[in-house]
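Reading through the structure tokens given below for one structure.
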Number of protein chains: 4
Amino acid sequence: MIRVGIVGGTGYTGVELLRLLARHPEVQIASITSRGDAGTDVAQMFPNLRGRLRLRFEDPAKANLKSCDIVFFATPNGVAMEQAPALLDAGVRIIDLAADYRIRDVADWSRWYGMQHASPDWVDRAVYGLPEMNRAAIRNARLVANPGCYPTAVQLGFMPLLERGLVDLDHLVADAKSGVSGAGRKAEVATLFAEASDNFKAYAVPGHRHLPEIRQGLSAMAGRPVGLTFVPHLTPMIRGIHATLYARIRAEADFQAVFAERYRDEPFVDVLPAGSHPDTRSVRAANTCRLAVHRPQDGEILVVLAVIDNLVKGAAGQAVQNLNIMFGLPETVGLQQIAVLP
Amino acid sequence: MIRVGIVGGTGYTGVELLRLLARHPEVQIASITSRGDAGTDVAQMFPNLRGRLRLRFEDPAKANLKSCDIVFFATPNGVAMEQAPALLDAGVRIIDLAADYRIRDVADWSRWYGMQHASPDWVDRAVYGLPEMNRAAIRNARLVANPGCYPTAVQLGFMPLLERGLVDLDHLVADAKSGVSGAGRKAEVATLFAEASDNFKAYAVPGHRHLPEIRQGLSAMAGRPVGLTFVPHLTPMIRGIHATLYARIRAEADFQAVFAERYRDEPFVDVLPAGSHPDTRSVRAANTCRLAVHRPQDGEILVVLAVIDNLVKGAAGQAVQNLNIMFGLPETVGLQQIAVLP
Amino acid sequence: MIRVGIVGGTGYTGVELLRLLARHPEVQIASITSRGDAGTDVAQMFPNLRGRLRLRFEDPAKANLKSCDIVFFATPNGVAMEQAPALLDAGVRIIDLAADYRIRDVADWSRWYGMQHASPDWVDRAVYGLPEMNRAAIRNARLVANPGCYPTAVQLGFMPLLERGLVDLDHLVADAKSGVSGAGRKAEVATLFAEASDNFKAYAVPGHRHLPEIRQGLSAMAGRPVGLTFVPHLTPMIRGIHATLYARIRAEADFQAVFAERYRDEPFVDVLPAGSHPDTRSVRAANTCRLAVHRPQDGEILVVLAVIDNLVKGAAGQAVQNLNIMFGLPETVGLQQIAVLP
Amino acid sequence: MIRVGIVGGTGYTGVELLRLLARHPEVQIASITSRGDAGTDVAQMFPNLRGRLRLRFEDPAKANLKSCDIVFFATPNGVAMEQAPALLDAGVRIIDLAADYRIRDVADWSRWYGMQHASPDWVDRAVYGLPEMNRAAIRNARLVANPGCYPTAVQLGFMPLLERGLVDLDHLVADAKSGVSGAGRKAEVATLFAEASDNFKAYAVPGHRHLPEIRQGLSAMAGRPVGLTFVPHLTPMIRGIHATLYARIRAEADFQAVFAERYRDEPFVDVLPAGSHPDTRSVRAANTCRLAVHRPQDGEILVVLAVIDNLVKGAAGQAVQNLNIMFGLPETVGLQQIAVLP
């Protein structure tokens, strides 16, 4: 059994990790920490776990995380960069679900995240945990930077086109819509039910922190810097991201076949038949990304639709997928939940 | 492997049965029928099943249901009473998720459901499939009448009190709130998003079809007819029932202990600590009923709160639980999904 | 023009007051205060008011509220009791939308609200602002205690029965469901979209602060203390309260006629035809209470259904109704908005 | 008083027209027709209108629409083209809220709407009822084709840029999100609460009927044909459209000033300050379009955000605005409702 620790398990990413790991057959949850809720029964905070998990939040200062084989950081940005190095030095492998190790350009990271990086040397050694892009490197990684939710959807949607140079790289548009759980389990007025329900809005149009992450990934696929306009929106649902991607065609191809072929062997990417419109509920609570590709009126613009559950393929599920890869397990172990519909 | 057939799998109960049975380790889905959608790939109608189930809806006239060990009827009321007898005679066991065999008094059934019963002789032989009440009889049943969603929540909530004669039997009140999926996957104006969202209403206050079913069950627990006022409401959520139950205390007891003791060995009933308020999401997509018991201001009125997922413990999950009992399997096989929260 | 001041206008009650008062033909909003947001353009915080209201939040210390004819307190509990007396002494009339002056028994108030009362002498002089009960007293009141949202719905629903002594007074049950805006515009985890959406729960079953207020009102109607069980629930909608009321019949009557007659001349209470089920959206954004009365199966229990918009008839609209009464205006001035459906 | 008739008032556009016209001071609703619901009290179908409107649906065959000054068609596509000509010939003015007279190219209309046009001669004489574009022509129009909901938002968002030739005309992108009421009050599975709630999806990506309407309008503004990719989405809210528009800059300008200037005198278009993100609730139940313009990272792509209430500025409210213009009334009469927030 793989001994797992979780740092900071009181957010939505944390409870989703627990939902998945509690039934993972190869994993034992050794410790979960919380500064503010140490001593609290986890199942009291998250009653869906009653009877399925006997665990209390531990004081981070007292938890013996170094005895774990792997530790997940489900913390706000800026925590893992402080605490991960000591664990890494002790031989513990790390998956950080926050943004600390996602951006290779440390100066750029500092600009977007508004803080100095505490362990810039580990940034180079971190592997960006998008299995469909980096599976081989993840296998032996000591430190995995688990992708953000928007970046997962947008990168999977553009990847087949960029890898094969089929579209104009300078004017990519990603119009993305997220459920409200993406904002986290933080007490804030803007995400109250009475504010976010029956309402729709764009936000952070001048610049969202996921922009540099997406741009870095797309540029890697394309082999040169890309131009990207990224507009995130808040939509009144709990879970789910729907990315609508626009690209101008540069080279003709059977785009449906391009997608089908690229993802043929991917266990968690599902290319829908031509003409389809994926809905977010078709992946609710599942680790799947569903994609559809359209060329409206046989014109110059290609439209890709990509849906994920932001808490699963966009966070905790992808983290478990990375764990499976890192420990040589079949990639789908513990991740075979069927989406909940309706 | 148990060979399973499903009659009428295009509704919400049907897709939920498929979600559960597709991953049930002891079951093989041999056939699923639909009059209107014969030939359609099941996963095309329900894309959450893509890649998890290779099955087409079959024409009921052509399906070889008699080769099944058990057949679920996930049909509108009035279908099973016509079609189940031939299968029963052929030795197939049946679980009817509709109401055809739930009410022992056939005349009463006809009055509430507005049709003559086609197989009244089988009504007597049917076992009411509430495991917490009838587990022994279910084990050997040939025909199980799977309880309705409201009846499951209300009966589990009142059961410990009625069995022990602790409350006034003549003025029970069940104020129940259901998610909209309880109305089924039927094209109707009243359950459109733009009608049911951001809205709350009672319905069927003069008399709901689940009233005689609940009254029959409560009367059996109490050992004599009970008086019950049952008011169902539609609440703007997809899944979930919350029953708020009111009873006047007749005999003093440690009510918390009464509930805890009654359900101590039940795998799917969770009695919360004193002072708790279960929320429906704590059982979303899981086969659990969570209960809390309150005595406000130490007064004469006991308040019981009961939550279930109407499509799981209130329908498909309970049906699978019954299957497990009927075939001698551990009762929780295939039913260990953790509720999806948030 | 009546000069109006508003203390504490940054909550939902505040913005709703502004929506109503901005178009009230007899009113001029002279000042609105906010400690935390002094200097902010009101329409920047509440963009629905852009172009309709030119006003900035003022520092409470600097606002000249004494020049107003009337001041609304849209503040948390405990503010009006401190600040209202000085204004009252200066001849300003007051409508407090919080709970400070609602409960006549000051000791009881202190117990439920957890604080000492700062101006208990004014409690006796305050008039409880339920126009359907206290219209005459409101007319000349210097200080009106505007009712709570639950109390408005529950009292209007029970009133005709209690005034005429038609039901058992000892075992009244009020099962009430509220939209999430009832919890206010406060940053709290429990009312986040991702917590409250697609979910339903009871809360405060052991005792909610509106219980003593309701009990006081019902007892006044009945002429003696009543026994009441009150269970509030949170339902995933923004606005609206649905109260489902249960009472045992003590005297026969034509209950439909009793309700119709009682509210015949009330401009804001609408008794629906027999057999109706009011939905909350039928009063969304309007100052109306709609009622229906049922006697299921001609039994002993009467069921009353009452709906209001918690922010209008349950708060700001009722406050404007009280203003109209206090200043001798037609009661419906500024309150003729038709409910928004769908 | 202007005598108004409404043909087909049982849909969402119909009830919204009634909500607005019932309080319009210059209008008298003379007749409302419905084939299926003739004889029914309007307020029974739409209880928000109880006490505010005494009217029954009339049999279209018996209604005396020719005595009206103006008739609104709130009917499915294809009805007005049959029935409007006779009324027009009788001197009645017409506002068609459906699509019959919106597309000047009748062959193109037939292709998109799948039917022959019954009165193509009237297409030429119809005026497209977007006041911000066609105010002068609307004034004297006998027949106004009221714009669709998506076209209203998209055209108002692009108009200042196209009129002044500031952007690339060949690769415009309109990513639009609509509340579910946009699908109408029709019994359909796809728009059931349990299907559309907690879910997000694109639809009609290969081609939506509003595409030719939008393209026609944008081309008129630009003075030559434009290239447009239009992707509509369904978002789980009742009302509201959010259009996110992307255009490549061709000529430098102070874009904020361009928008502010273009709409300075428009009573129903509100240009937000630079950096803003309008939310749909800020126009809920109001006839306003709010706009914001962004240039992310000072790049080549301009992003315009436009929100309307699809049932008001996107349908019934714009129709009333057109009525006001046609009859020489102040344009805002009867349309001064403040948006309902929260």
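Letters A, B, ... mirror the listed sequences (proteins, then strands); counts begin at 1. FYI, side chains are in, hydrogens and waters are out, and symmetry mates aren't considered; it's all heavy atoms of this structure.
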For chain B, which of Ala202(C), Ser197(C), Pro296(C) has the most heavy-atom pairs under 4.5 Å? Ala202(C)

Checking heavy atoms, do the side chain of Ile241(C), its backbone, both or neither come under 4.5 Å from chain B? neither

How about Asp175(B) and Tyr246(C): do any of their side-chain heavy atoms sit closer than 4.5 Å? yes

Checked Arg295(C), Arg239(C), His242(C), His294(C) vs chain B; the most non-hydrogen pairs under 4.5 Å come from His242(C)

Atom CZ of Phe200(B) and atom CG of Leu305(C): how far apart are they, to the nearest 0.5 Å? 10.0 Å

With a 4.5 Å heavy-atom cut-off, do Thr229(C) and Glu300(B) have their side chains touching? no

Okay, Val205(B) and chain C: the region with an atom under 4.5 Å from a heavy atom over there is both

Within the side chain of Glu195(C), is there an N or O that forms a donor-acceptor pair under 3.5 Å with the backbone of Pro342(B)? no

is_close_aromatic(His277(B), Tyr203(C)), centroid dist under 6.0 Å: no

Would you mind checking which part of Pro236(B) comes under 4.5 Å of any heavy atom in chain C, side chain (CB onward), backbone (N, CA, C, O), both or neither? both

Less than 4.0 angstrom from a charged side-chain N to a carboxylate O is my criterion; do Asp170(C) and Arg248(B) meet it? no

Taking side chain as everything from C-beta outward and backbone as N, CA, C, O, which of these in Ala204(C) sits under 4.5 Å from a heavy atom of chain B? Side chain, backbone, both or neither. backbone

Hey, is the main chain of Thr280(C) close enough, under 3.5 Å, to the side chain of Asn199(B) for a donor-acceptor pair? yes

Is the closest side-chain donor-acceptor distance between His233(C) and Lys177(B) under 3.5 Å? yes

Looking at Asp198(B), is its backbone amide N or carbonyl O close enough to the side chain of Arg284(C) to form a donor-acceptor pair, meaning the two atoms are under 3.5 Å apart? yes

Tell me, side chain or backbone of Val173(C) under 4.5 Å from chain B's heavy atoms, or both, or neither? side chain

Heavy-atom side-chain proximity of Gln297(C) to Pro206(B) below 4.5 angstrom: no

